[in-house]
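All remarks here apply to the structure that follows.
Along the sequence shown, residues are numbered consecutively beginning with 1. All ligand and atom numbering here is 1-based and tracks the order in the structure.
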Amino acid sequence: VTRTAAIVPAAGRGDRLGPGAPKALRDLGGVPMLVHAVRALATARGVDLVVVAAPADSVSEVQALLSEHGADEPSVGRAAAVVVAGGATRQASVAAALGSLPEDVDVVLVHDAARPLVPVELVDAIAAAVRAGSPAVVPGLPVNDTIKRVGLDQEVEETLDRSVLRAIQTPQGFRREVLAAAHAAATDEATDDAGLVEAIGVAVLVIPGAAEAFKVTRPLDLVLAEAVLARRRAAGVVLL
Ligand code: CTP
Ligand code: MG
């Protein structure tokens, strides 16, 4: 049988969100952002284990937080969640979690803690696409703004063709050996795992992303996240 693990990089500080607790531990509707993300992953049919990469000095605190919200123990239809120490970069955090996976895991999803409202259906779609034979699968959305490349002098050098651009989200899904090889070969820092996989020459498939899988990066994103959560709660379609 195929065993699937979901890695959750959650060791960042959240500098762009402004001063406060580490971003993954910030409150969203009364629950830490990380707990929302873990709950969505653990609830997905295709996920058997969730591994969180927490700030190295907060591993036991984060484990306790998951326990407090009932997000660590496995239950019917829900995977267990464990916590490991993350690293100084997102890439190092993912690598640390990857190195801790049980041997029998053969599909790995990587999902940012900073995307707390990812629809469970998107998690399942990514896992299913990997199981169906794609070595690397990422969610992508059309780009709304016009994207221009600028020089150091801020002068425009090129306007890119928006129709062929995609904004890439997480969860990103991989055959385990592909992700492991990509991390082992990594020289430069990449902003996502698919970037490392592309660098070793493996094809990466893009499937339709989800607007609600947006990343909480700046203060305005938190306002949007609170609004989305409130709408879900009013409609009675919530995990938390
Ligand atoms: N991340 C991580 N380890 C790091 C840095 C980032 O696990 N050393 C995680 C973050 O916790 C987040 C995800 O990677 O869930 C995406 O990164 P980003 O949105 O950039 O989060 P931060 O690095 O925390 O934010 P900022 O760049 O604004 O400081
Ligand atoms: Mg960052």
Shortest protein contact, atom 19 (O) of ligand 1 (heavy atom only): K215 NZ, 2.7 Å
Test of proximity, A88 against ligand 1: N or O pairs below 3.5 Å: yes
Atom 25 (O) of ligand 1: the protein heavy-atom neighbour that sits closest, reported with distance to 0.1 Å: G14 CA, 3.4 Å
From the candidates G87, A113, P22, the one that places a heavy atom nearest atom 8 (N) of ligand 1: G87
Element-labelled atoms of ligand 1 that are located less than 4.0 Å from some non-hydrogen atom of S93: 2 (C), 3 (N), 4 (C), 7 (O), 8 (N)
Shortest protein heavy-atom distance from atom 20 (O) of ligand 1, along with the residue and atom involved: R16 NH2, 2.8 Å
Shortest non-hydrogen contact between V143 and A167, atoms and distance: CG2-N, 3.8 Å
Contact summary for R90 and D192, nearest pair of heavy atoms: NH1-CA, 4.1 Å
Shortest non-hydrogen separation from L109 to G173 and the atoms involved: CD2-CA, 3.6 Å
R166 atom CZ, neighbour heavy-atom count above 12 within 6.0 Å: yes
Interfacing atoms of ligand 1 (cut-off 4.0 Å, heavy-atom, A10): 7 (O), 11 (O)
Close approach of T217 to ligand 1, heavy atoms, under 4.0 angstrom: no
Heavy atom of G86, distance to ligand 1 below 4.0 Å: no
Ligand-side contact atoms (ligand 1) for residue partner A114, heavy atom cut-off under 4.0 Å: 15 (O)
Identified side-chain contact (heavy atoms from CB on, under 4.5 Å) counterpart of V82 within the set D72, V51, L66: V51
Heavy-atom closest pair, residues V118 and H111: CG1-NE2, 3.3 Å
Option of least heavy-atom distance to atom 13 (C) of ligand 1 (set: D221, D112, I7): D112
Heavy-atom nearest neighbour in the protein, as seen from atom 21 (O) of ligand 1, with distance rounded to 0.1 Å: K23 NZ, 3.2 Å
Euclidean distance, L17 CG relative to L220 CG, rounded to 0.5 Å: 11.0 Å
Within reach of ligand 1, part of R13 (heavy-atom separation under 4.0 Å): backbone
Test side-chain contact (heavy atoms from CB on, under 4.5 Å) applied to I126 and L205, V137, T170, the passing residue: V137
Side-chain heavy atoms of M33 within contact of L222, under 4.5 Å: yes
Residue and atom name of the nearest protein heavy atom (relative to atom 14 (O) of ligand 1), distance in Å to one decimal: R90 CG, 3.4 Å
Option of least heavy-atom distance to atom 12 (C) of ligand 1 (set: P9, G12, A11): P9
Q172 versus D193, closest heavy-atom pair with distance: OE1-N, 3.4 Å
Contact partition for D15 relative to ligand 1, non-hydrogen atoms under 4.0 Å: both
